[in-house]
**Q** 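Before anything else, here's the structure in question.
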2 protein chains.
Amino acid sequence: MNKNKATIHDISKALGIDSSTVSRALNDSPRVSKKTKGKILKKAKELGYQRNSLASSLRTSKTQTIAVVLPRISRHFFARVIAGIEETAHKAGYNVIICQSLDNLEREKKIISTLISNRVDGIMISISMETTNYEHLEAYKKLDKPIVFFDRPCELPNCINVNIDNFQASFDATQHLISRGCKHIVHFSGSQKIELYRQRKAGYIAALEKNNIKINDHYIFESNLSEEDGIRAAKKILRLKNIDGLYSSNDTAAISAMKYFKSKRVRVPEDIAVVGFNNDPISAVIEPSLTTINQPALEIGKMASNLLFEQINNKTKTTKIQFRLLNSELIIRHSSKK
Amino acid sequence: MNKNKATIHDISKALGIDSSTVSRALNDSPRVSKKTKGKILKKAKELGYQRNSLASSLRTSKTQTIAVVLPRISRHFFARVIAGIEETAHKAGYNVIICQSLDNLEREKKIISTLISNRVDGIMISISMETTNYEHLEAYKKLDKPIVFFDRPCELPNCINVNIDNFQASFDATQHLISRGCKHIVHFSGSQKIELYRQRKAGYIAALEKNNIKINDHYIFESNLSEEDGIRAAKKILRLKNIDGLYSSNDTAAISAMKYFKSKRVRVPEDIAVVGFNNDPISAVIEPSLTTINQPALEIGKMASNLLFEQINNKTKTTKIQFRLLNSELIIRHSSKK
DNA sequence: ATTAAAAATACAATCGATTGTATTTTTAAA
DNA sequence: TTTAAAAATACAATCGATTGTATTTTTAAT
């Protein structure tokens, strides 16, 4: 039982051929004759040889590995983005490392530091809720390696962002509620430190303004959009008495609020119409089913990774911030059918 | 802008101290004086030094990295297992690589091959549906590195398995339906090539036998337990006319069947009581809510990774197959309340 | 058969960190 | 002050693969 992996030197010795030739043969270099290649490949298979990527990467300073960093993999949207990334990465011969920040800045920093140590060729990231400064990302950028942001926009210079048009999606969602006759619409928003939630809030406000509805600051709830936040906000809504519409920046909080309404015999959509964001699987199953915004997660993953590969290979250096916007879609279900 | 990362040699040159001393200082070796350590650490920070793990791992043949290989990260159960793994790994100073086989053997083989190339220190795997031979895993074992199986049992020699007692869980689920008065219980099973589904089927059969209920082969449906399979099976059930209970090896198929029943005005649980497996988030939201088996996913992840670390470090070699069984729990909801 | 060009292969340095051994410096006991 | 022991540091090989350069072998034209 050969406890230690075979190396090119083992092949080299076994055949009396220099290791440089072995290396070239294994990489199918034209500098090695067909006959020799045949011998080497045969012996390699015989010894169960498998390239040591550590050595190879150390020498070439290419790891053929990219990383995705995101809050949590269990969210449907992110799982789909990963699926898209893995699809293109697989075709391009890249390995993908998946990392969860759990929306915690310290963890995100630690992750980036590890990725630097491991010299990954590129990073795609949806930044954590707590990320407001970008030093850790700049450290990676300094190595002249590309970062692509997705989902949550980030204004780091010379980087590409792949997102949906959050302003427009929010505008459409709000307009939809207004069209259904809602006059007093609450908005569940996330932290205003985060560009994403600023954009969504702006879309909500713009739609109200367009329809000459007065903006009421008390109708805008800022939170982490967790289940608990949803319940807390739902209570406040009922206290306000006159609310007839709710547009939430995610499905989690929307659904949690809907459950609370149900428990208090407040009818959705008759009393309060609800629109969420993300199209989580649960949104189609809950009763009434939830009207929500679907993001083309698979496409986002594919586009983000393709843009990353372009930068890694062609050295298409971006000299300014780029925003690539993909179309989202309002999925109208029962929660907003007045 | 220093495009290239600083190395220990840069620090060495800058201070006129040998690189071996620099290396030892950075690893806090007692062989370096405090004074020198101070100088080196200061300069390291100044130059933005970060260890090149590739070089380090190549030399030490330890990557401080473990891998989890599983069908898909988007499944709630697996996402929780990963959370458990990451928690212990983080504490132990290990990095975690997450890989999806998508229940495809070819992908799984490719993944293992990549993990061998990348010399990860250990692997935890829930094998794909298609995995019936283990050559690819044996190749990894030959390197004298540990594998821990979780979720889906696997009888590779000298490996540890971390699972729930699938036989018992199935027995309990079936017994529960029988106690509620069900006489004609259908079982949705997965491929019988897979030990996991054999065990679950055995538990179902044992419960029937215990209650002197005749086993009817027509009541056992083998499939991939997808949504489509659920609908297909639900149609067959209605054709059988007399079915009053359904025990499914996963929630996906159970829920899909329930939806079909609903569309045909067959009542759950009054006409047919349903029990699923996995406690997917949707199972709590669907109406009626689904009785199902909850696995301690977080615990499974923690235990599996801890056992892996033990083997990596203490060299606790297992000389036979070990099975660690954790307790699962039947969560009784409305779908089985007759 | 001679020879220049082309093809195939060998030599040797390198990537960055680690580590056993050797050497120098410091400490402290005689 | 000498000297042995201990502490600190330097030297040099190594992990496995890659790659520019040098050398040898083959091919083909004269």
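Throughout, protein chains are lettered first and strands after them, A, B, ... in sequence-line order, and every chain is numbered starting at 1. These numbers come from a predicted model, not from an experiment.
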**Q** Which one, dA10(C), dA13(C), dA17(C), comes nearest to the side chain of R59(A)?
**A**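 Nearest to the side chain of R59(A) among the choices is dA13(C).
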**Q** After noting the C-alpha distance and the side-chain angles of K37(A) and D28(A), does the key distance pass the salt bridge (Lys or Arg N to Asp or Glu O under 4.0 Å) rule?
**A** CA-CA 8 Å; K37(A) 271 183 194 168; D28(A) 203 23; 2.9 Å; yes
**Q** Which comes earlier along DNA chain C counting from the 5' end, the contact point of R31(B) or that of Q50(B), where each point is its nearest nucleotide?
**A**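 Residue closer to the 5' terminus by nearest nucleotide: Q50(B).
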**Q** Hey, is CZ on R152(B) packed in by over 12 heavy atoms from elsewhere, all under 6.0 Å?
**A**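 Yes.
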**Q** Please tell me which of the listed nucleotides, dC15(D), dA17(D), dA10(C), lies nearest to the side chain of L58(B)?
**A**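 In terms of side-chain proximity for L58(B), the closest of dC15(D), dA17(D), dA10(C) is dC15(D).
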**Q** At under 4.0 Å between heavy atoms, what does V22(A) touch on the DNA or RNA strands: base, sugar-phosphate, or nothing?
**A**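 Answer is nothing: V22(A) stays at 4.0 Å or more from every strand.
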**Q** Separation of I8(A) atom CD1 from dC15(C) atom C1', in whole Å?
**A**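 Computing the I8(A):CD1 to dC15(C):C1' distance gives 14 Å.
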**Q** Rounded to the nearest Å, what distance is computed from the CD atom of residue Q64(B) to the C1' atom of nucleotide dA17(C)?
**A**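 It works out to 15 Å between those atoms.
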**Q** Determine whether any donor atom in the side chain of R24(B) lies under 3.5 Å from an acceptor atom in the base of dG20(C), or the reverse, and answer yes or no.
**A**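 Such a pair is found, so the answer is yes.
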**Q** Do I85(B) and L308(B) come within less than 4.5 Å of each other through their side chains, counting heavy atoms only?
**A**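 No - every pair of side-chain heavy atoms lies 4.5 Å or more apart.
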**Q** Roughly how many Å is it from CD1 in I11(B) to C1' in dA17(C), rounded to a whole number?
**A**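 After rounding, the reported distance stands at 11 Å.
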**Q** Which nucleotide, if any, forms a Watson-Crick or G-U wobble pair with dT23(D), using both distances under 3.5 Å?
**A**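 Pairing partner, where one exists within any strand: dA8(C).
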**Q** Of S20(B) and K34(B), whose closest DNA chain D nucleotide lies nearer the 5' terminus?
**A**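 Closest to the 5' end, via its nearest nucleotide, is K34(B).
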**Q** Measuring to OP1 and OP2 of dT9(D), would you say a side-chain N or O of S33(B) lies under 4.0 angstrom away?
**A**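 Yes, within the criterion.
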**Q** Considering non-hydrogen atoms only, spot the tightest contact between P153(A) and N161(A) and give its length.
**A**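 Nearest heavy atoms, P153(A) then N161(A): CA-OD1, 3.2 Å.
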**Q** Counting only side-chain heavy atoms from C-beta out, which of dT9(D), dT19(C), dA17(D) sits nearest to S23(B)?
**A**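 That would be dT19(C).
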**Q** Counting C-beta onward and ignoring hydrogens, is there a side-chain heavy-atom pair between F149(A) and F323(A) closer than 4.5 Å?
**A**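 They are not in contact (no side-chain heavy atoms under 4.5 Å apart), so the answer is no.
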**Q** Nearest whole Å is fine: how far is dG16(C) P from Y49(B) OH?
**A**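 From Y49(B) OH to dG16(C) P: 10 Å.
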**Q** D18(A) has an atom CG; how far is it from atom P of dA10(C), in whole Å?
**A**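 Spelled out: CG on D18(A) to P on dA10(C) is 6 Å.
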**Q** What integer distance in Å separates H9(A):NE2 from dA12(C):P?
**A**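 Atom-to-atom, H9(A) to dA12(C), this comes out as 15 Å.
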**Q** For dA17(D), does either OP1 or OP2 sit under 4.0 Å from a side-chain N or O belonging to N27(A)?
**A**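 Result: no.
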**Q** Please figure out whether T36(B) or T60(B) has its closest DNA chain D nucleotide nearer the 5' end.
**A**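 Going by which nucleotide is closer to the 5' end, it is T36(B).
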**Q** Atom CG of L54(B) to atom C1' of dA17(C): distance rounded to whole Å?
**A**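 Rounded to the whole Å, the gap is 11 Å.
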**Q** Find the distance I40(A):CD1 to dA8(C):C1' and express it as a whole number of Å.
**A**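 Value for this atom pair: 11 Å.
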**Q** Assuming nearest nucleotide by heavy-atom distance, tell me which of K37(A) and L26(B) is located more 5' along DNA chain C.
**A**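 Its nearest nucleotide being more 5', the pick is K37(A).
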